[in-house]
Protein chains: 2
Amino acid sequence: MTRPKEILVPTTPHVEGDEDIGEINNIVGFHIRLAHGATYRHFTETFSDLELTQKQVSVLWLVDDHPDIAQTGLAKRMRMDRATTMAIINRLQKRGFLVRGKSKTDGRKQTLNLTDEGRQALASAKVAIQEHEKWLQSRFKKKEVEMLIEMLSRIHE
Amino acid sequence: MTRPKEILVPTTPHVEGDEDIGEINNIVGFHIRLAHGATYRHFTETFSDLELTQKQVSVLWLVDDHPDIAQTGLAKRMRMDRATTMAIINRLQKRGFLVRGKSKTDGRKQTLNLTDEGRQALASAKVAIQEHEKWLQSRFKKKEVEMLIEMLSRIHE
DNA sequence: AATTATTGTATGTTAGACTAACTATCTACA
DNA sequence: TGTAGATAGTTAGTCTAACATACAATAATT
């Protein structure tokens, strides 16, 4: 009495009397979302000890690369709005990973800089990132990685 | 005394005469996230009238493609857990786009099917998707689109 | 028949994205 | 120069989504 077992390969074409646009599988956006989801999931697994999200690591990294950067500078680089940036900065500051200071050149701006703890966290994060990237890049040849990055850059500029 | 003016449209390449971001630019995950963000943003713009998210459209689409699908079936296809799936289904049901029914083959399962309204919403969504995809694919040649989809599939399986 | 797995549900937490309103500061120009 | 508008940061509130946990009902396995 064994059932057909209902194997479900997600990337399988659905048959059915097809209409309009075609299959959802031909939609680039669909694949970007799925790839992002898979990447995000693996990331949080890899970072479960560090308790850092992708966004948080990116912010730490960018602040380290650009001492005294202002929140709007960060926001521009990461394509976030000010409010979202605030929330992330607040979280990182609450954990003592970075500090806000006053800008000497512009009274509206604040400077962001990592604390020693932040630098330490970033160092650990970079190790984890390496592992994460290895998982990601294991699917591709070197040339393909370059190509993928280049293509993705065309989307986000 | 006119400054370079520093226009910053979110989806515009950031020029700024400065430093490159550093090695973070070689991180595939970083680009996936940025590309996802840009895509998501354009999607919500395109869909602001319809008030549908990527997830919701995907669910409508998949339910349409697979009548009587159960929530777990959806969850597998979209790589979501049951709780998240529930939340999305609830939202769509509340708006009258789909209905839950009882499965005849498995008392635990429920069937999902679009209502006429749901089908209508999906039809509108597909038009908008076409526009959205055009925006996305305009950056690529046909061959490149295939390549991109294939590469992204390697990530999400 | 008893145990285990699956499915849907309910609840609560968290991150992140966005809007709107507000203050302080800076810039541009009439 | 004075003022109107732009920019930077903040706060508050809303929304989507992901995840964890717990529970009840049903199926499958032993």
Side-chain angles (χ1 to χ4, degrees), chain A residues 1-3 5-6 8 33-34 36-45 47-48 51-59 68-76 78-95 100-112, chain B residues 1-8 10 33-34 36-45 47-48 51-59 69-76 78-95 100-112:
Chain A
M1 207 65 66
T2 43
R3 274 190 309 142
K5 193 55 181 144
E6 195 179 23
L8 275 178
R33 202 159 46 59
L34 285 183
H36 173 257
T39 307
Y40 185 80
R41 243 169 279 131
H42 182 270
F43 187 100
T44 50
E45 257 178 61
F47 278 74
S48 60
E51 306 219 311
L52 287 168
T53 65
Q54 286 184 330
K55 276 272 139 101
Q56 290 167 359
V57 171
S58 296
V59 167
D68 287 347
I69 194 173
Q71 284 180 205
T72 42
L74 257 187
K76 279 170 202 159
M78 299 194 50
R79 277 79 169 176
M80 304 184 297
D81 67 9
R82 287 170 299 158
T84 304
T85 307
M86 269 285 303
I88 295 171
I89 297 292
N90 282 344
R91 262 172 233 131
L92 290 172
Q93 191 185 33
K94 211 168 284 176
R95 290 172 65 181
R100 285 184 238 236
K102 284 192 177 177
S103 167
K104 287 159 188 161
T105 59
D106 190 330
R108 297 167 300 180
K109 290 189 181 179
Q110 302 211 32
T111 61
L112 296 173
Chain B
M1 205 79 53
T2 45
R3 275 191 308 144
K5 191 56 178 137
E6 196 177 21
I7 295 168
L8 275 175
R33 202 159 46 56
L34 284 182
H36 173 258
T39 307
Y40 184 80
R41 242 168 279 130
H42 183 271
F43 187 101
T44 50
E45 258 177 61
F47 277 74
S48 60
E51 306 219 308
L52 287 167
T53 65
Q54 286 184 330
K55 278 270 140 105
Q56 289 167 0
V57 172
S58 296
V59 166
I69 194 173
Q71 290 186 29
T72 43
L74 256 188
K76 277 173 203 158
M78 299 193 52
R79 275 78 167 179
M80 303 184 299
D81 67 9
R82 286 170 298 156
T84 304
T85 307
M86 268 282 303
I88 296 172
I89 297 292
N90 283 343
R91 261 172 235 132
L92 290 172
Q93 190 185 33
K94 210 167 285 176
R95 288 172 67 181
R100 285 183 237 237
K102 286 192 177 177
S103 168
K104 287 160 189 162
T105 58
D106 190 330
R108 297 166 300 180
K109 291 189 180 178
Q110 300 213 34
T111 62
L112 296 173

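For clarity, every value in this text was computed on a predicted model and none was experimentally measured. Chain identifiers are assigned alphabetically (A, B, ...) following the order of the sequence lines, protein sequences preceding nucleic acid strands; residue numbering begins at 1 within each chain.
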Check every strand shown and say whether [X] touches a base, only sugar-phosphate, or nothing at a heavy-atom separation below 4.0 Å.
{"X": "R100(A)", "value": "sugar-phosphate"}
{"X": "A87(A)", "value": "nothing"}
{"X": "T53(B)", "value": "sugar-phosphate"}

Test item: [X] side-chain N/O and [Y] main-chain N/O as donor-acceptor pair under 3.5 Å:
{"X": "T84(B)", "Y": "M80(B)", "result": "no"}
{"X": "R41(B)", "Y": "R79(A)", "result": "yes"}
{"X": "T72(A)", "Y": "A75(A)", "result": "no"}

What is the distance, to the nearest angstrom, from the [atom1] atom on [X] to the [atom2] atom on [N]?
{"X": "K55(A)", "N": "dA17(C)", "atom1": "NZ", "atom2": "C1'", "value": "8 Å"}
{"X": "Q54(A)", "N": "dA18(D)", "atom1": "CD", "atom2": "C1'", "value": "13 Å"}
{"X": "H36(A)", "N": "dA15(C)", "atom1": "NE2", "atom2": "C1'", "value": "12 Å"}
{"X": "D81(A)", "N": "dT10(D)", "atom1": "CG", "atom2": "C1'", "value": "13 Å"}
{"X": "Q56(B)", "N": "dA17(D)", "atom1": "CD", "atom2": "C1'", "value": "10 Å"}
{"X": "M80(B)", "N": "dT7(C)", "atom1": "CE", "atom2": "P", "value": "15 Å"}
{"X": "R41(B)", "N": "dA17(C)", "atom1": "CZ", "atom2": "C1'", "value": "9 Å"}
{"X": "D106(B)", "N": "dT29(D)", "atom1": "CG", "atom2": "P", "value": "12 Å"}

Check: Hey, which of these two, R82(A) or M86(B), hits DNA chain C nearer its 5' end, going by closest nucleotide?
Finding: M86(B)
Next item on the list: Name the residue closer to the 5' end of DNA chain C, choosing between Y40(B) and N90(B) according to the nucleotide with the nearest heavy atom.
Entry: N90(B)
Notebook entry, point to check: Quick one: OG1 on T111(B) to CD on Q71(B), what's the gap to the nearest 0.5 Å?
Noted result: 10.0 Å
Can you tell me if [X] touches the phosphate of [N], counting only side-chain N or O atoms and a distance under 4.0 Å to OP1 or OP2?
{"X": "T72(A)", "N": "dT7(D)", "result": "no"}
{"X": "Q110(A)", "N": "dT10(D)", "result": "yes"}
{"X": "Q71(B)", "N": "dT9(C)", "result": "yes"}

Notebook entry, point to check: Which comes earlier along DNA chain D counting from the 5' end, the contact point of R33(A) or that of I69(A), where each point is its nearest nucleotide?
Noted result: I69(A)
Note to self: By nearest heavy atom, map T44(A) and I89(A) onto DNA chain D; which one lands nearer the 5' end?
What the structure shows: I89(A)
Check: Can T39(B) and R33(A) be said to form a side chain to side chain donor-acceptor pair (under 3.5 Å), step by step?
Finding: CA-CA 9 Å; T39(B) 307; R33(A) 202 159 46 59; over 6 Å; no
Check: Checking only heavy atoms, does the side chain of R108(B) share a donor-acceptor pair with the base of dG8(C) at less than 3.5 Å?
Finding: no
